2 protein chains.
Amino acid sequence: MTPQPGARQRLLDAAEELFAAGGFAGTPVDAVLSRAGVAPATLYAHFGSKTGLQAAALAARLRRWDDAWAAAVAAAPDDRARLLAVFDALAAFRTSGTPSRWCAFLDAAAGAPADDGTAATALAEDTALLRGRLRELAAPLAGDRAAELAEHLLVVVSGALAMALRTDPAAATAQGRATAAALLDGWR
Amino acid sequence: MTPQPGARQRLLDAAEELFAAGGFAGTPVDAVLSRAGVAPATLYAHFGSKTGLQAAALAARLRRWDDAWAAAVAAAPDDRARLLAVFDALAAFRTSGTPSRWCAFLDAAAGAPADDGTAATALAEDTALLRGRLRELAAPLAGDRAAELAEHLLVVVSGALAMALRTDPAAATAQGRATAAALLDGWR
DNA sequence: GTCTATACCCGGATAGAC
DNA sequence: GTCTATCCGGGTATAGAC
């Protein structure tokens with residue numbers, strides 16, 4: 001029998017899902033507590049504050065996203081598919097577990113006051129991951145203009161995420177892939 | 001001597017600026033009240049709730065954005081420039097008055113609970129405006145594929161707005177324009 | 001480490017006078 | 001219509017026992 005994970009891990013899992021699904025600001029601490037089956041004091045003993053829990057949950061989510069994306073890249077057959085794999089990974093990642101509304105990292109930054117360091121840091125790390133890997137994957141197709149192409153794709157990925165607020169999220173990622181494909185078709 | 005605008009208008013102006021700059025959720029009613037120089041009861045007499053004020057402020061903002069974009073289009077010299085004018089309008093609009101953080105309409109939808117009708121409606125109207133005019137402007141360049149091109153540009157515009165959370169907002173609009181230009185360069 | 005119970009406070013909204 | 005003063009709830013955080 002697999003032992004039940006500790007309260008800390010249950011809090012992290014609950015927070016990651018609920019914050020991604022309902023937004024950080026829109027998710028009361030009570031909701032996380034009841035899902036995790038944990039008392040308030042336990043949360044504050046481990047993470048200090050709701051924001052502290054968010055930071056830990058986002059860090060965990062970033063690792064999961066990193067892995068999911070890498071797996072999608074590994075499964076792609078050629079250079080072009082590897083570059084577009086980010087959208088497949090996005091679609092799969094978004095619906096793993098409770099479907100997320102748009103993007104937990106953008107949500108964190110959008111919801112926090114402008115001077116909040118925690119949310120800004122988490123989003124910055126997500127951005128660095130996106131930019132870095134997009135550059136690597138763009139290199140075979142764009143050569144010394146890989147950074148330029150990666151920047152275009154970063155805009156398209158961010159657009160696909162934001163489009164999830166305007167329309168059905170599944171359609172948003174599909175459209176994002178199509179837009180990126182159109183961009184690649186005309187490249188050079 | 002120009003008469004001081006009424007309390008209602010001052011509330012709308014204050015709300016539009018503060019909500020765009022600091023986000024709806026992050027802006028307390030008190031901040032709007034003190035900037036407008038108005039008492040709490042006046043706000044609730046006119047708009048019923050903070051959300052009601054938001055709806056009215058977003059409607060006003062949508063009209064202003066519509067006009068600003070139309071003006072940028074009118075000032076553009078050719079078909080291509082007219083299609084890209086949305087980014088110039090965005091840059092100018094964002095810094096008119098108190099600079100907005102990213103996008104007041106996306107912010108409203110992101111911050112509101114998923115079933116909130118008010119914010120969803122405001123964002124839907126913004127999306128309809130974007131999609132409709134982008135299609136018109138895309139027609140001279142894309143002919144019967146104008147809708148397809150417009151959808152790509154809608155993703156890029158949304159991406160430019162979201163990128164304002166990842167990086168400097170001015171750089172975000174500039175990058176968005178560059179990405180759209182790259183897309184147009186390779187079109188067909 | 002975890003629980004129960006509670007304190008505290010911020011922020012949206014209202015009462016009633018003018 | 002507008003003001004001053006106040007209420008009230010939801011939500012974060014803590015005290016103290018086990």
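Excluded from the calculations below are hydrogen atoms, water molecules and symmetry mates; all remaining heavy atoms, backbone and side chain alike, are included. Chain letters run A, B, ... following the sequence lines, proteins first and then strands; every chain starts at 1. Predicted model, so just to flag it, every value in this text is computed and none were measured.
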- Message: The criterion is side chain to side chain contact (heavy atoms under 4.5 Å, CB included); which residues satisfy it with R135(A), sequence neighbours excluded?
- Response: R131(A), A147(A), A150(A), E151(A)
- Query: Step by step, would you call K50(B) with V32(B) a side-chain contact (heavy atoms from CB on, under 4.5 Å)?
  - Reply: CA-CA 10 Å; K50(B) 185 188 179 186; V32(B) 181; over 6 Å; no
- If the sugar-phosphate is the primed atoms plus P, OP1 and OP2 and the base is the rest, what is the B/S/- string for nucleotides 2-15 of chain C, using protein heavy atoms under 4.0 Å? SBBB------SBBB
- Query: Under 3.5 Å, is there a donor-acceptor pair between the S100(B) and R94(B) side chains?
  - Reply: no
- Message: I need the CG-C1' distance between L11(A) and dG1(C), as an integer number of Å.
- Response: 12 Å
- Task: Using the salt bridge (charged side-chain N to carboxylate O under 4.0 Å, His left out) rule, collect all pairs that involve residues 25-49 of chain A, keeping only residues at least two apart or in two chains.
- Result: E17(A)-R35(A)
- Query: Ion pair present between R177(B) and D88(B), side-chain N to carboxylate O less than 4.0 angstrom?
  - Reply: yes
